[in-house]
Protein chains: 2
Amino acid sequence: MPQAESDHSVFRAIADPTRRAILDRLRQGPAPVNELASAFSQSRPAISKHLRILRELRVVSEQRHGRERLYRLEPAELKDVADWILPYRDFWQASLGNLKSYLENE
Amino acid sequence: MPQAESDHSVFRAIADPTRRAILDRLRQGPAPVNELASAFSQSRPAISKHLRILRELRVVSEQRHGRERLYRLEPAELKDVADWILPYRDFWQASLGNLKSYLENE
DNA sequence: ATAATACGTAACCAAATGGATACGTATTAT
DNA sequence: ATAATACGTATCCATTTGGTTACGTATTAT
C-alpha cells in the first residue's frame, strides 16, 4: 500500500526550493503573482500552484486588490519548523564545543 | 522539461515525517536499523532507504559494529534549516507583538 | 463595447518519492 | 560447517510532485 499519509505539514511546503525563494522574496513585502513569476523563470501557472500550496498551509495570505492578488507572508506556521529544530541546536553547539576543545588541544 | 533540479538539500531530508521521526529518535542516542524499523511500522528496507538519504546528506552517520550498524545523529547540517528560518522569527514575533497590542486595546 | 490584463484552474505528462517483496552478503551463534 | 541474524540493494509499483499548455473569468483600459 504505497501511501505516504500525504503529509500536509509546513515541512513539505518549504521542501521545494522555489517555494522557499518565494517566501524569501515575500519577506521584503507583499507581491503580486506576476512579479513572483517573472522572478523565477517558471510559468505563471507553476507559481500559482506553489502559491496555492503555501496558501492552504497558511504560510501566505492572499489579498485581492483590483485584478491583482497580493501575496503576503504569514510566518506564524513557520514557527512549527523553528520549534522542531530547536532541540537539535544543543547538539550542534555541543559538537562545536567539542571541536573547539579539540582544536585548543585541551 | 520537467526537472526540479533534484534538490538534495537537507530541507528535502526533513520533509518526510518518517525521517523526522527517525531523527527525533536518534536525539536520544544512536540506534541500530532494526530498532528503528520496528518503531515505525514500516518494512526494514523502507527505513534503510530513509537512512541512506539521511546518510548522503550527512544528517546521520553510520558506524558498523559487528553485524549491526549504529546510526548516529549528525546535526551540523540541520543548522542550515535553523539559519534559514531565523530571519522569519522577527516576523512572527512582530505579529505576536501586534496581537498583544491589540488585545491590550492600545 | 471591446480589448487587454491578471490571475486561477483543468488536463496532461515525465520524473521523483516512498513503499513492498525478493535476494545477496557479512557476521555471529550453534 | 550450518543456521540465524542484521543489514543493504535490486526490482517493481502506485502515488505524488512539479512542470507545461490551453482555457475561463473578473477587472481595468480604450
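Convention: sequence-line order gives letters A, B, ...; per-chain numbering from 1.
- Of the two residues contacting DNA chain C, namely B/Thr18 and A/Tyr71, the nearest-nucleotide position lying further toward the 5' end is that of A/Tyr71.
- A donor-acceptor pair is defined here as one N or O able to donate and one able to accept, closer than 3.5 Å; no such pair exists between the side chain of A/Arg12 and the backbone of A/Asp16.
- Rounded to an integer number of Å, the gap from CZ of A/Phe11 to P of C/dT17 is 18 Å.
- Whole-Å rounding puts the B/Arg52 CZ to C/dG19 C1' distance at 16 Å.
- Separating the CD atom in A/Gln28 from the CG atom in A/Asp24 is a distance of 8.5 Å, to the nearest 0.5 Å.
- Comparing A/Ala15 and B/Leu70 against DNA chain D, the residue whose closest nucleotide sits nearer the 5' end is B/Leu70.
- Looking at heavy-atom distances under 4.0 Å, B/Ala46 makes contact with sugar-phosphate atoms alone, never a base.
- Shown here, D/dT27 forms a base pair with C/dA4; the pair counts as Watson-Crick or G-U wobble because both key distances fall under 3.5 Å.
- Taking the charged nitrogens against the carboxylate oxygens, B/Glu62 and B/Arg72 have no contact shorter than 4.0 Å, which rules out a salt bridge.
- Rounded to the nearest 0.5 Å, atoms NZ (B/Lys49) and CG (B/Leu54) are 13.5 Å apart.
- The side chain of B/Arg67 lies closest to C/dT27 when the candidates are C/dT27, C/dT9, D/dG8.
- As rounded to whole Å, 14 Å separates atom P of D/dG19 from atom CG of A/Leu36.
- The interatomic distance linking B/Ile47 (CD1) with D/dC7 (C1') rounds to 13 Å, in whole Å.
- In this structure, A/Arg64 and A/Arg19 both approach DNA chain D, and ranking their closest nucleotides by distance from the 5' end singles out A/Arg19.
- One N or O donor and one acceptor, one from the side chain of A/Lys49 and one from the base of D/dG19, sit under 3.5 Å apart.
- As the counterpart of D/dT16, C/dA15 is assigned, both hydrogen-bonding distances of the Watson-Crick or G-U wobble pattern falling under 3.5 Å.
- Nearest nucleotide to the B/Pro45 side chain, out of C/dA22, C/dG18, D/dT5: C/dA22.
- Here D/dA6 presents its P atom at 13 Å from CZ of B/Arg69, a figure rounded to the nearest Å.
- The nearest whole Å value for the distance from the CD atom in A/Gln42 to the P atom in D/dT17 is 16 Å.
- Nearest nucleotide to the B/Ser43 side chain, out of C/dG8, D/dT9, C/dA20: C/dA20.
- Side-chain contact between B/Leu23 and A/Tyr88 is present, with at least one heavy-atom pair separated by less than 4.5 Å.
- Evaluation of atom-type donor-acceptor distances gives a pair under 3.5 Å for the side chain of B/Arg44 against the base of D/dG8.
- Of the candidates D/dT9, D/dG19, C/dG18, the closest approach to any side-chain atom of A/Arg12 belongs to C/dG18.
- For A/Arg55, taking side-chain heavy atoms from C-beta onward, the closest of the listed nucleotides D/dT9, C/dT28, C/dT9 is C/dT9.
- Rounded to an integer number of Å, the gap from CZ of B/Phe40 to C1' of C/dG19 is 16 Å.
- Between the side chains of A/Arg69 and A/Gln63, no donor-acceptor pair of N or O atoms lies under 3.5 Å.
- For the pair B/His50 NE2 and C/dA16 C1', the computed distance is 14 Å after rounding to whole Å.
- Of all nucleotides listed (C/dA6, D/dG8, C/dG18), C/dA6 comes nearest to the side chain of A/Asn34.
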